[in-house]
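Everything on this sheet refers to the single structure shown next.
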Amino acid sequence: MAKETATPAPAETKAEKKPEKKAPAESVYTVSELAGNARSVFGTMQECVVAALKTDGKAEYTVSEAKKIVSKFLQKEVK
């Protein structure tokens, strides 16, 4: 009689997860901080930055968020 030799099933291996390299979170700034640096960051006056961000309604923004909002605000047609 032949012996059955079962090959052991490979142990279930967990998919090794490599730690994801997360980009460092952007810093968050208040409207007044962003407005204070309007010339260097946005290339516009403080008043424009304040007006643009006030219409959005939040109190704090990342620089990239604020740039999008300010840019969109400055491109609006004046009626």
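Count residues from 1 along the sequence. Below, all heavy atoms of this structure are taken into account, side chains as well, without hydrogens, waters or symmetry copies.
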Exercise. Out of curiosity, does V31 fall in the hydrophobic cluster containing M45 (side-chain heavy atoms, cut-off under 4.5 Å, transitive links)?
Worked result: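 The answer is no; the residues belong to distinct hydrophobic clusters.
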Problem set entry | Flag side-chain contact, heavy atom, 4.5 Å: E26 against E65 |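 Contact flag for E26/E65 side chains = no.
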Exercise. So which heavy atom on A66 is nearest to which on L34, and how close?
Worked result: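 Where A66 meets L34 most closely, the heavy atoms are CB-CD1, 3.8 Å.
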Problem set entry | Heavy-atom closest contact (V49 atom, A38 atom, distance) |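 Scanning both residues completely, I find the closest heavy atoms to be CG2-CB, 3.6 Å.
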Exercise. Roughly how far, to the nearest 0.5 Å, is the OH atom of Y29 from the CG atom of L53?
Worked result: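 Those atoms lie 14.0 Å apart.
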Exercise. Roughly how far apart are S27 OG and E60 CD, rounded to 0.5 Å?
Worked result: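 Result: 11.0 Å between the selected atoms.
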For this session: Check whether more than 12 heavy atoms from other residues, nucleotides or ligands sit under 6.0 Å from atom NZ of K72, and answer yes or no.
Result: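 Atom NZ in K72 is not packed in, count stays at 12 or less.
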Exercise. For residues D56 and Y61, is any side-chain donor paired with an opposing acceptor at under 3.5 Å?
Worked result: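 D56 vs Y61: donor-acceptor pair found between side chains.
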Problem set entry | Side-chain (T55) to main-chain (A52) donor-acceptor, under 3.5 angstrom |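 A pair under 3.5 Å: yes.
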